[in-house]
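Step one of this worksheet: look at the structure below.
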Amino acid sequence: MHGDRFAVAGPSRLVVVPPTGLPAPADAGPAPQPRPDAADEPSDVVRDAPPAQEPPSWLFLGTHDGAAYVVLALPPTADALAVLDGVERLAGHAAQGADGWLGLRGLEGLDELQQGLATEAVALVNWHAVHRHCPRCGAPTQVRRAGWVRWCPVEERELYPRTDPAVIMAVVDDADRILLGHAAHWPPGRYSTLAGFVEPGESLEQAVRREVAEEVRVTVADGPGDVVYRGSQAWPFPASLMVGFRARVAGRAGDVAPDGVEVTAARWFTRAELLAAVEAGDVLLPGRVSIARALIEEWYGEELPSTW
Ligand SMILES: [Zn+2]
């Protein structure tokens with residue numbers, strides 16, 4: 001990775017190279033050397049890397065089918081072309097060329113393994129980027145445990161990667177309509193499910209009800225089964241976990257009142273209305289890999305057409 005982008009061979013393949021004679025790209029600095037006595041800690045490859053080598057960082061992602069995967073995270077300040085040249089030389093060994101850099105959002109059609117590696121790498125790299133100092137005492141922190149811990153040497157305590165939960169919900173009423181909103185920063189016509197961060201001291205169900213009330217002035221029912229978990233999606237921008245729900249509004253819901261700040265438009269759709277709006281190009285739905293799309297299509301009952 002270079003900053004928050006991956007070396008790729010087209011939009012559907014990360015460049016994954018074997019470590020054979022791994023000559024680190026020119027800007028990457030030497031590969032970290034484990035201590036001679038660290039043979040029993042094969043994953044702990046960065047423990048003794050001196051501070052001058054950070055960044056770049058070598059971060060352990062996990063193992064699959066007997067292979068260990070590590071991401072080389074280069075700082076945004078590294079020379080991207082020089083780095084890519086180094087990656088291409090490496091990629092040559094694996095008979096797959098590197099032809100550019102893409103962010104996670106630009107990568108489509110990755111297989112399940114690469115999708116998992118990419119999402120995990122982005123989340124880890126984002127965490128390292130903003131935890132270079134201890135949040136309690138301000139001391140510079142060090143990478144430990146192959147990238148899964150940062151260490152405060154002053155307080156001698158470990159800091160762990162964090163995940164920020166957010167809720168995302170398909171709101172439906174008893175007339176079986178779905179509520180979709182348009183956020184202020186979206187392109188014209190984009191409609192999707194409502195979403196928002198969980199606040200301190202709040203349950204997921206409370207977060208669902210509060211966000212819907214705040215964003216569109218609609219009251220979600222609070223009986224058992226009125227807010228139901230449907231699935232989740234890691235969303236490392238920078239560190240979210242999207243927790244998806246179906247939320248019920250009692251009766252046939254009345255008007256919605258978008259807050260005008262986060263949500264500038266919102267409306268109820270029947271299935272026929274949504275299909276017609278999508279086919280006419282009046283409504284652009286979120287992309288197929290998003291949990292928002294999955295929640296909408298679960299309500300709809302089948303896949304909806306894409307209009308771009
Ligand atoms: Zn500290």
Side-chain angles (χ1 to χ4, degrees), residues 1-6 19 22 24-25 27-63 68-80 83 103-104 116-167 195-204 206-207 210 232-243:
M1 290 186 70
H2 178 248
D4 58 1
R5 296 180 301 163
F6 294 91
L22 189 65
D27 289 44
Q33 299 297 317
R35 288 168 295 149
D37 63 350
D40 59 337
E41 298 175 343
S43 68
D44 203 1
V45 293
V46 293
R47 170 170 289 182
D48 289 339
Q53 291 183 20
E54 185 198 348
S57 297
W58 299 78
L59 309 174
F60 178 64
L61 298 179
T63 61
Y69 288 86
V70 178
V71 60
L72 171 59
L74 301 161
T77 50
D79 181 335
V83 171
L104 188 55
L117 291 171
T119 306
E120 183 184 359
V122 168
L124 260 189
V125 166
N126 283 343
W127 175 66
H128 282 283
V130 295
H131 287 81
R132 316 200 74 81
H133 292 83
C134 173
R136 196 151 68 184
C137 76
T141 53
Q142 303 162 358
V143 178
R144 290 280 172 91
R145 301 212 170 270
W148 287 85
V149 163
R150 291 189 78 96
W151 173 252
C152 171
V154 174
E155 298 175 286
E156 297 191 327
R157 73 181 182 113
E158 295 181 329
L159 305 167
Y160 299 96
R162 57 177 284 170
T163 298
D164 300 325
V167 290
F197 283 106
V198 179
E199 293 185 344
E202 190 174 56
S203 72
L204 297 170
Q206 288 169 333
R210 176 185 51 74
S232 66
Q233 181 175 42
W235 195 250
F237 304 107
S240 298
L241 174 67
M242 306 293 288
V243 188

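Whatever order the structure lists them in is the order used to number ligands and atoms, beginning at 1. Positions are given from 1, in the same order as the sequence printed here.
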Quiz item: Below 4.5 Å, heavy atoms only, C-beta onward: do V143 and R150 meet side chain to side chain?
Solution: yes
Quiz item: Once you round to the nearest 0.5 Å, how far does CH2 of W235 lie from CG of L104?
Solution: 7.5 Å
Self-check item: Ion pair check, E158 and R144, cut-off under 4.0 Å
Solution: no
Quiz prompt | Residue and atom names of protein N/O/S atoms that fall under 2.8 Å from the Zn ion (ligand 1) | solution = C134 SG, C137 SG, C152 SG, E155 OE1
Quiz prompt | Working for side chain to side chain contact (heavy atoms under 4.5 Å, CB included), residues Y69 and T63 | solution = CA-CA 6 Å; Y69 288 86; T63 61; over 6 Å; no
Quiz item: For P165, which residues count as a side-chain contact (heavy atoms from CB on, under 4.5 Å) partner, sequence neighbours excluded?
Solution: V198
Quiz item: Is W151 close to T141 at the side-chain level, that is, under 4.5 Å between some pair of heavy atoms?
Solution: no
